[in-house]
There are 2 protein chains.
Amino acid sequence: MRQIAAAVGVQAGALYLYTPDKEALLFDLLKTHMEELLVAWAEEPRGDGALGTLESFVRFHIRYNLMRAEAVFLSYMELRNLNAANFAVIEALRGRYEAELETILKAGQAEGSLVLPDTKLATMAIIAMLTGVTTWYREGGRLGRETVETIYWDMVRKAVAA
Amino acid sequence: MRQIAAAVGVQAGALYLYTPDKEALLFDLLKTHMEELLVAWAEEPRGDGALGTLESFVRFHIRYNLMRAEAVFLSYMELRNLNAANFAVIEALRGRYEAELETILKAGQAEGSLVLPDTKLATMAIIAMLTGVTTWYREGGRLGRETVETIYWDMVRKAVAA
DNA sequence: GTCTATACACCGATAGAC
DNA sequence: GTCTATCGGTGTATAGAC
């Protein structure tokens, strides 16, 4: 709290005029992050059919997570420092995001453009794979962000396409 | 340290007869974990050709990470609490493990059984995807461990096969 | 609204008795 | 080798002056 106060330019005690305690501050941060992620995806333009929508999701997820790398990392690392009730709220929001991807995969199966052994596992596998980019991607590295998106989309497409 | 001492059945001070400080304890734990992972993979029986070896790797990684879920989680969460020198040692061991997978992928490309846009990215993508299983897998859940292995292997194979 | 001062708990690590 | 006692530091949160 002293570090946060210093960054804002006040003393630690003054923070308690705006938040009841440290956990509320963390919870608001994580909740806002997840809600903004859901809004951003809702507003994201998407391609045609399940395959086009899936490509949009893959590119969106990589781009958004790289853009907000600090928040993504913090959300993961600090999640277990929330109490049970707050933890459940964040997990529910995460579940809603995962459901967005699973809906795409199910639609693809229904229209026959995708073939999957298990939509739930494919959902978790794809999200883990895409989120992993944040652990190694560096600005100015060997590959640019758009190239990385394209390469990952290629692997995802092959993994799930009919 | 007081909790560790209590778990072992001594007082906190007594721990310092066996370790110079807390960081050395953490470093040894993480280093041992990574070395045991490398040894276990070296001793793992593997299938024929690049595809067979890759299947062995996929199944091994899921199985080993689920078996040692606590150590895997701790290795990830506590990695940033090491000083720079110790951090570098653990990262080097992690790099050796990743190189094991990348070697398989390169061999597969050379023999023509695998087609990849980029071996380095495929390496990171596959490891992230497989490690992700530990975040949602629960003993006694909908799918058993071997079924999960098979489903993930199916997705990996499709993603990288020629 | 913000400051200074401080209460209170906990942490890693050490000193010294046994 | 293990204990008890304790040091110095840090953390969240609160009290009261301004």
Side-chain angles (χ1 to χ4, degrees), chain A residues 1-38 65 68-95 131 134-135, chain B residues 1-38 65 68-95 131 134-135:
Chain A
M1 295 299 272
R2 283 182 175 99
Q3 286 178 27
I4 292 170
V8 178
V10 295
Q11 293 295 317
L15 291 178
Y16 290 87
L17 296 167
Y18 306 97
T19 183
D21 52 35
K22 190 190 176 187
E23 163 139 5
L25 209 58
L26 177 63
F27 174 66
D28 285 349
L29 200 65
L30 267 54
K31 183 159 170 282
T32 301
H33 171 65
M34 286 307 300
E35 286 169 347
E36 287 177 352
L37 173 68
L38 284 162
N65 275 264
R68 306 285 293 270
E70 276 195 325
V72 170
F73 183 73
L74 188 136
S75 287
Y76 184 79
M77 297 298 276
E78 300 296 333
L79 187 57
R80 275 89 188 168
N81 292 325
L82 295 177
N83 66 41
N86 288 341
F87 181 91
V89 172
I90 303 300
E91 281 295 280
L93 288 168
R94 185 185 298 260
T131 304
T134 56
T135 63
Chain B
M1 295 300 274
R2 283 179 174 92
Q3 286 178 28
I4 293 169
V8 178
V10 296
Q11 293 295 317
L15 291 179
Y16 291 86
L17 295 167
Y18 305 98
T19 183
D21 52 36
K22 191 189 177 189
E23 164 138 6
L25 209 57
L26 177 62
F27 175 66
D28 285 349
L29 201 64
L30 268 53
K31 182 159 172 282
T32 301
H33 171 64
M34 285 307 301
E35 287 170 348
E36 285 176 353
L37 173 68
L38 284 162
N65 276 264
R68 306 285 294 270
E70 276 195 325
V72 170
F73 183 73
L74 189 135
S75 288
Y76 184 79
M77 297 297 276
E78 299 297 333
L79 187 57
R80 275 92 187 166
N81 292 326
L82 296 176
N83 66 42
N86 287 342
F87 182 90
V89 172
I90 303 300
E91 281 295 282
L93 289 168
R94 186 185 299 260
T131 305
T134 55
T135 64

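Order of the sequence lines sets the chain letters (A, B, ...), proteins ahead of strands, with each chain counted from 1.
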**Message:** Without decimals, in angstroms, what is the distance between A:Gln3 CD and D:dT10 P?
**Reply:**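 Answer to the nearest Å: 11 Å.
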**Message:** Once side chain to side chain donor-acceptor pair (under 3.5 Å) is applied, do any residues pair with B:Thr131, and if so which ones, sequence neighbours excluded?
**Reply:**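 B:His61.
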Contact summary for [X] and [Y], nearest pair of heavy atoms:
X       : Y       : value
B:Ile90 : B:Leu79 : CG2-CD1, 3.6 Å
A:Asn81 : A:Glu23 : O-OE1, 3.8 Å
B:His33 : B:Ala71 : ND1-CB, 3.6 Å

**Message:** Nearest 0.5 Å, please: how far is CZ in B:Arg80 from CE in A:Met77?
**Reply:**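 Result: 6.0 Å between the selected atoms.
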**Separation between CG of A:Leu93 and CG of A:Leu38, rounded to the nearest 0.5 Å** =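 Rounded to the nearest 0.5 Å, the CG-CG separation comes to 6.5 Å.
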**Prompt:** Are any of the side-chain heavy atoms of B:Glu70 and B:Leu74 separated by less than 4.5 Å?
**Reply:**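 They are not in side-chain contact.
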**Asked** Do the side chains of B:Ile4 and B:Leu25 get nearer than 4.5 Å, heavy atoms only?
**Response**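 Touching, per the 4.5 Å side-chain cut-off.
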**Request:** Report yes if a donor N or O on one partner sits less than 3.5 Å from an acceptor N or O on the other, where the partners are the side chain of A:Arg2 and the base of D:dT12; otherwise report no.
**Result:**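 When only heavy-atom distances are counted, A:Arg2 does reach the base of D:dT12 through a donor-acceptor pair under 3.5 Å.
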Salt bridge (Lys or Arg N to Asp or Glu O under 4.0 Å) partners for [X], two or more places apart:
X       : result
A:Glu35 : A:Lys31
A:Glu78 : none
A:Glu91 : A:Arg94

**Message:** According to ring-ring contact (aromatic ring centres under 6.0 Å, His included), who are the partners of A:Phe73, at least two apart in sequence or on a separate chain?
**Reply:**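 With sequence neighbours excluded, A:Phe73 shows a ring-ring contact (aromatic ring centres under 6.0 Å, His included) to no residue whatsoever.
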**Item:** Neighbours of DNA chain C within residues 6-22 of chain A, by heavy-atom distance under 4.0 Å
**Value:**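 Of all residues in residues 6-22 of chain A, the ones placing a heavy atom under 4.0 Å from DNA chain C are A:Val10, A:Gln11, A:Ala14, A:Leu17, A:Tyr18.
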**Message:** I need the residues from residues 74-87 of chain A with at least one non-hydrogen atom less than 4.0 Å from DNA chain C; give them sorted by number, or say none.
**Reply:**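 Close to the strand, none.
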**Item:** Bounds of contact between DNA chain C and chain B, in 5' to 3' order, using a heavy-atom cut-off under 4.0 Å
**Value:**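 Going 5' to 3' along DNA chain C, contacts run C:dC11 to C:dT14.
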Using residues 12-20 of chain B as the side-chain source, report each donor-acceptor pair under 3.5 Å to any protein atom, sequence neighbours left out, with the distance given to one decimal.
unit_1  : atom_1 : unit_2  : atom_2 : d
B:Thr19 : OG1    : B:Asp21 : O      : 2.9

**Asked** Taking five pairs at each end of the helix from C:dG1-D:dC18 to C:dC18-D:dG1, what angle separates the two helix axes (nearest 10°)?
**Response**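 Helix axis angle between the two ends: 10°.
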